Amino acid sequence: MRIEVPERLAEVQAETNGDACRRWVAGLPGLAADLLERWELRPDGEPRHGWASLVVPVRRAGGGAAVLKLQLVDEENAGEAAALRAWDGRGAVRLLAEDAGRGALLLERLDAARSLADLPDDREALAVLTGLLARLVAAPAPPGMRTLADVARAMLADAPELLPALRGADRRLADVCVGAVRELADEAGDRLLHWDLHYGNVLSADREPWLAIDPKPLAGDPGFDLLPALRNRWDDLVAAGDVTRALRWRFDHMTEVLGLDRRRAAGWTLGRVLQNVLWDLEDEEEHMDDAQRVVAECLEPLWT
């Protein structure tokens with residue numbers, strides 16, 4: 001059976017990464033066919049995709065359900081298999097096989113139709129996510145993992161060139177974020193971070209009620225992992241009637257469960273805001289995203 005590449009995945013990859021991704025997309029059907037034969041898999045449903053990967057539901061030779069994940073390897077996802085091996089299913093999807101050279105992972109199958117984003121109670125969703133995060137960051141990062149220290153140094157190097165595009169309150173907040181990263185960069189931590197643990201990256205499962213997927217792993221301080229959960233499900237914060245108060249509740253809950261120093265966690269969260277702001281400026285944005293601004297304003301008093 002030939003695997004057809006979803007048109008939207010091809011479009012996004014071409015827009016984002018140009019010729020290299022066009023070649024990768026063109027080779028996906030052949031790569032999938034080769035791996036289906038090599039790992040004795042048969043397709044078991046329509047392929048799905050995110051921004052950067054193709055996921056094919058499959059059945060293994062013994063009949064067990066799994067998914068074949070194919071992605072173009074880059075700096076962010078290069079450590080995914082190593083992270084999944086380190087976690088070994090504890091709070092995260094289990095890795096069954098890999099072809100590291102071709103960006104292919106065979107993973108246990110979860111329920112892609114049900115994520116924490118669908119859970120009606122946002123506080124219950126946050127409690128589940130925080131419990132998973134506590135388990136994930138309990139693991140030390142394996143050798144060779146990309147480090148938060150390197151990410152921090154890169155941000156500090158890029159900030160002088162990019163931040164002058166900001167004005168007024170946005171520039172002042174960005175400077176606070178730079179100051180936090182500068183102070184913390186020499187003690188960036190050694191825990192295994194997921195880096196992208198938002199509600200859509202936690203799926204319902206059979207082996208456990210919920211499991212994390214799609215890590216972009218780093219070796220670093222768990223405080224750098226808080227922002228996705230703080231700023232996702234933003235409508236729930238607005239519906240609470242006081243965004244700052246609701247946001248602070250999320251931060252307090254996460255730092256308490258994870259046992260983090262609140263000032264340090266606030267500083268690394270400001271660092272994560274800085275990372276997003278720098279990316280936006282590289283894309284020629286001229287203002288800080290509203291959610292990033294609110295998070296920075298909320299946590300600045302805890303840092304300063």
Side-chain angles (χ1 to χ4, degrees), residues 1-89 92-115 142 144-146 194-198 200-207 211-218 279 283:
M1 175 180 175
R2 178 179 171 84
I3 300 300
E4 297 295 333
V5 179
E7 184 177 337
R8 184 56 184 154
L9 175 61
E11 291 174 352
V12 169
Q13 285 298 309
E15 292 168 1
T16 304
N17 295 309
D19 289 342
C21 285
R22 291 188 185 91
R23 290 191 295 272
W24 175 72
V25 167
L28 276 178
L31 174 60
D34 180 62
L35 291 168
L36 290 172
E37 180 179 0
R38 174 181 161 194
W39 285 337
E40 299 182 355
L41 309 171
R42 59 179 175 84
D44 186 40
E46 291 298 316
R48 303 185 306 276
H49 68 92
W51 292 108
S53 63
L54 179 69
V55 179
V56 183
V58 296
R59 289 278 173 183
R60 307 180 77 186
V67 295
L68 176 62
K69 180 178 181 180
L70 306 173
Q71 60 190 358
L72 186 65
V73 177
D74 60 23
E75 182 182 48
E76 290 184 2
N77 63 36
E80 181 172 356
L84 294 178
R85 282 196 301 271
W87 288 321
D88 193 23
V93 65
R94 179 165 283 143
L95 177 68
L96 305 176
E98 68 165 313
D99 184 327
R102 297 192 287 179
L105 306 175
L106 185 66
L107 306 169
E108 73 173 305
R109 194 187 304 181
L110 310 184
D111 184 356
R114 185 165 186 257
S115 76
M145 189 65 65
R146 187 170 67 122
H194 183 288
W195 187 85
D196 196 25
L197 195 62
H198 57 75
N201 271 346
V202 178
L203 299 183
S204 177
D206 292 331
R207 181 168 56 82
L211 291 168
I213 65 167
D214 203 24
K216 305 292 188 291
L218 284 172
W279 284 342
D283 290 336

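The structure presented is a predicted model; accordingly, all values stated were derived computationally and were not measured.
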Note to self: Applying side-chain contact (heavy atoms from CB on, under 4.5 Å) to Leu84 and Val93, what does each step give before you reach the verdict?
What the structure shows: CA-CA 7 Å; Leu84 294 178; Val93 65; 4.0 Å; yes
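Taking the side chain as every heavy atom from C-beta outward, Leu96 and Arg60 approach each other to under 4.5 Å. Under the 4.5 Å side-chain criterion, counting only non-hydrogen atoms from C-beta, Leu110 is not in contact with Ser204. Residues Arg109 and Asp44 have side chains in contact (heavy-atom distance under 4.5 Å, counting atoms from C-beta outward). Using a 4.5 Å heavy-atom threshold, the side chains of Pro57 and Arg48 count as touching. Side-chain atoms of Trp39 and Asp99, non-hydrogen and from C-beta on, do get closer than 4.5 Å to each other. Contact check for Val56 versus Glu46: no side-chain heavy atoms found under the 4.5 Å cut-off.
Atom CG of residue Leu211 and atom CH2 of residue Trp87 lie 11.5 Å apart, to the nearest 0.5 angstrom. Interatomic distance, Leu41 CG to Arg59 CZ, rounded to the nearest 0.5 Å: 12.0 Å.
Summarising the geometry of Leu35 relative to Ala104, their closest heavy-atom pair is CD1-CB, 3.3 Å, with the distance given to 0.1 Å. Scanning all heavy atoms of the two residues, the minimum distance from Leu54 to Pro47 falls at CD1-CB, 3.9 Å. Minimum interatomic distance between Glu98 and Leu105 (heavy atoms only, all atoms of both residues): CB-CD2, 3.9 Å. Minimum interatomic distance between Gly200 and Ile213 (heavy atoms only, all atoms of both residues): O-CD1, 4.5 Å. Of all non-hydrogen atoms in Leu197 and Val202, the two that sit nearest each other are CD1-CG2, 3.8 Å.
No donor-acceptor pair under 3.5 Å is formed between the side chain of Arg102 and the backbone N or O of Leu31. The closest donor-acceptor contact from the side chain of Asp34 to the backbone of Glu37 lies at 3.5 Å or more, if one exists at all. Looking at His194, its side chain never comes within 3.5 Å of a backbone N or O of Leu218 through a donor-acceptor pair. A donor-acceptor distance shorter than 3.5 angstrom exists from the side chain of Asn77 to the backbone of Asp74, with no hydrogens or angles considered. Side chain of Glu40 to main chain of Ala61: no donor-acceptor pair is present (N/O by atom type, distance under 3.5 Å, no hydrogens or angles). A donor-acceptor pair is defined here as one N or O able to donate and one able to accept, closer than 3.5 Å; such a pair exists between the side chain of Arg207 and the backbone of Gly89.
In this view, Arg146 and Glu75 satisfy the salt bridge (charged side-chain N to carboxylate O under 4.0 Å, His left out) rule, not counting sequence neighbours.
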Side-chain polar contacts of residues 63-70 - donor-acceptor pairs under 3.5 angstrom, sequence neighbours left out - could you list them?
{"unit_1": "Lys69", "atom_1": "NZ", "unit_2": "Glu80", "atom_2": "OE1", "d": "3.3"}
{"unit_1": "Lys69", "atom_1": "NZ", "unit_2": "Glu80", "atom_2": "OE2", "d": "2.9"}
{"unit_1": "Lys69", "atom_1": "NZ", "unit_2": "Asp214", "atom_2": "OD1", "d": "2.8"}

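For Asp206, the CG atom is loosely surrounded, since the number of other residues' heavy atoms within 6.0 Å does not exceed 12.
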